[in-house]
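Everything on this sheet refers to the single structure shown next.
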Amino acid sequence: MHVGSRSGRWRGGVVPQEGAALSPQEVAQLDRTIPGAASIPRYEILRNAELHVLNAADANYLSDVSTGFDVIINAMNPKNYGEWAETWPPINKSVIEAASRHGLKLVITGNLYGYGKVTEPMTESTPLNPNGTKGQVRVKMWQDALSPHHAGHVRAAEVRSSDYVGVGIDEQSYLGKFLIGPVSGGKTAWLPVGRKDAPHTWTSVRDAGRLIPRIAELPDSDPAWGHTWHTPSAPALSFQEVADQVAEMSGQSTPRVREVPQAGIKAMSLFMPILRELDETKHQFENPFIMDDSKAREYFGMSETPWEETLREVLGVHRG
């Protein structure tokens, strides 16, 4: 979670465990040691920040930390994917309460789960029709933020992105973990879910990182508040198309992309719980899943990072 002021200073809070209450002694100890985290790539973007470790579900402490600031950016992602229905509500409630107490701006980092199964490109006007628990959670998060927005207690906006690709996020990037990594190393890419020929929008994490602070710095009177925005992203590409590009850039032979048979997925899910959780979102990779970002492009005058540039940056990491 990032909390920032107009002076340009940013404070970051890191959630070690959802629902774990830290004692004052633990907080003090972590606050003394956390500056060293700036040397870790994960925190490099916050090198000049004040960093605080906190339980994000503690609205009182979060309110204390955010005193005197202008905006809260909720860029958290609870670690256990299968427990969103339990972990997200208290965190979201705490964030909204803290923002409301101080009359802050609130920018939520969202995704496309709330649209559910779609048959055409998604715009910000596409009806919210979640087909599972995680989508329902994300829809309610936005609805809960809109209530205090309309009441005049906060200024809220949500930035929605498709599946991320970028440097340093392999464990959070389906494309990076299951395709870019193996193909760049000359190995077969096995897809636990999805069809290799289905076009899909991929969002550079860098572009989401550009749009979010752009909105956060808008004045309270800007009409962008109270709306959702799609991050400008590169044209949709299938797994096979990305694999062909990766192989060419990394000097590998014709890439092999295989879809794991359903029977194999069921067997793997017995010892890989995350595969069971992907059942709700597998449609995103089995059919065309395309995000229309023209609204944000026009309003903010933004374009995406060129796809080849994003891919070369990621390959630079995979190739050492």
Side-chain angles (χ1 to χ4, degrees), residues 41-42 77 79-82 111-113 117-118 131-132 134 161-208 231 233-291 304-320:
R42 177 181 175 185
N77 191 30
K79 184 176 181 180
N80 194 325
Y81 194 57
N111 57 33
L112 307 179
Y113 290 8
K117 297 180 179 180
V118 295
N131 63 295
K134 284 176 277 296
S161 302
S162 191
D163 293 273
Y164 288 124
V165 61
V167 175
I169 60 166
D170 279 5
E171 291 304 311
Q172 292 79 40
S173 172
Y174 187 77
L175 189 68
K177 184 174 183 177
F178 290 102
L179 187 132
I180 296 177
V183 171
S184 65
K187 301 177 181 178
T188 298
W190 287 95
L191 305 178
V193 295
R195 291 192 356 253
K196 63 181 181 180
D197 60 347
H200 190 94
T201 295
W202 307 100
T203 297
S204 165
V205 69
R206 178 200 294 181
D207 293 329
T231 301
S233 303
L237 292 168
S238 68
F239 286 110
Q240 186 63 61
E241 289 173 320
V242 176
D244 292 340
Q245 294 174 348
V246 170
E248 181 179 356
M249 290 182 183
S250 56
Q252 301 294 342
S253 58
T254 302
R256 300 180 300 276
V257 182
R258 301 287 186 267
E259 300 164 11
V260 178
Q262 287 298 312
I265 294 175
K266 289 182 179 179
M268 293 167 61
S269 67
L270 296 176
F271 54 90
M272 293 180 67
I274 185 63
L275 293 181
R276 294 195 294 272
E277 297 302 325
L278 291 176
D279 187 63
E280 177 183 334
T281 56
K282 64 182 182 181
H283 65 275
Q284 300 179 6
F285 304 99
E286 294 176 339
N287 302 295
F289 196 71
I290 301 172
M291 181 178 72
E304 82 281 5
T305 300
W307 174 250
E308 286 194 359
E309 181 179 332
T310 296
L311 206 53
R312 289 187 186 281
E313 287 182 349
V314 177
L315 283 171
V317 173
H318 282 293
R319 296 166 65 189

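Excluded from the calculations below are hydrogen atoms, water molecules and symmetry mates; all remaining heavy atoms, backbone and side chain alike, are included. We number each residue from 1, following the sequence as shown.
- Inter-residue side-chain proximity for Phe178 and Pro192 is flagged as met; some heavy-atom pair is nearer than 4.5 Å.
- The ring-ring contact (aromatic ring centres under 6.0 Å, His included) search around Tyr113 returns Trp84, not counting sequence neighbours.
- Residues Thr231 and Met291 share a closest heavy-atom pair of O-CE, 3.1 Å.
- Scanning all heavy atoms of the two residues, the minimum distance from Ala236 to Ile290 falls at CB-CG1, 3.9 Å.
- Of all non-hydrogen atoms in Ser253 and Ala247, the two that sit nearest each other are O-CB, 3.6 Å.
- With values rounded to the nearest 0.5 angstrom, Asn111 atom CG is found 9.0 Å from Ser162 atom OG.
- Note: Phe239 CZ to Ile180 CD1 = 10.0 Å, rounded to the nearest 0.5 Å.
- Summarising the geometry, atom CG belonging to Leu179 is positioned 14.0 Å from atom NZ belonging to Lys177; distances are rounded to the nearest 0.5 Å.
- At distances below 3.5 Å, at least one donor-acceptor pair connects side-chain atoms of Ser250 with backbone N or O atoms of Val246.
- In this view, Glu280 and Lys134 satisfy the salt bridge (charged side-chain N to carboxylate O under 4.0 Å, His left out) rule, not counting sequence neighbours.
- Residues meeting the side chain to side chain donor-acceptor pair (under 3.5 Å) test with Thr281, sequence neighbours left out: none.
- With contacts defined as side-chain heavy-atom distances shorter than 4.5 Å, the pair Ser204/Glu304 does not qualify.
- With sequence neighbours left out, Ala198 forms a side chain to side chain contact (heavy atoms under 4.5 Å, CB included) with Arg195.
- For Glu308, the salt bridge (charged side-chain N to carboxylate O under 4.0 Å, His left out) test picks out no residue, with sequence neighbours left out.
- Interatomic distance, Asn287 CG to His200 NE2, rounded to the nearest 0.5 Å: 11.5 Å.
- Residues Phe285 and Leu191 fail the side-chain proximity criterion, which asks for heavy atoms closer than 4.5 Å.
- Under the side chain to side chain contact (heavy atoms under 4.5 Å, CB included) criterion, Lys117 pairs with Asn131, His283, sequence neighbours left out.
- Not counting sequence neighbours, the partners of Thr203 by the side chain to side chain donor-acceptor pair (under 3.5 Å) test are Ser233.
- Residues passing the side chain to side chain donor-acceptor pair (under 3.5 Å) test with Glu259: none are found, sequence neighbours excluded.
- No close placement of the Trp202 and Tyr174 rings is indicated, their centers lying 6.0 Å or farther apart.
- For Thr305, the side chain to side chain donor-acceptor pair (under 3.5 Å) partners are Asp207, not counting sequence neighbours.
- In this view, Glu286 and Lys282 satisfy the side chain to side chain contact (heavy atoms under 4.5 Å, CB included) rule, not counting sequence neighbours.
- Gly181 approaches Ser184 most closely through the heavy-atom pair O-OG, 3.0 Å.
- With sequence neighbours excluded, the residues satisfying side chain to side chain contact (heavy atoms under 4.5 Å, CB included) with Gln240 are Lys196, Ser238, Ala243, Asp244, Pro255, Val257.
- Note that CG of Asp163 and CZ of Phe289 are 7.0 Å apart. Values are rounded to the nearest 0.5 Å.
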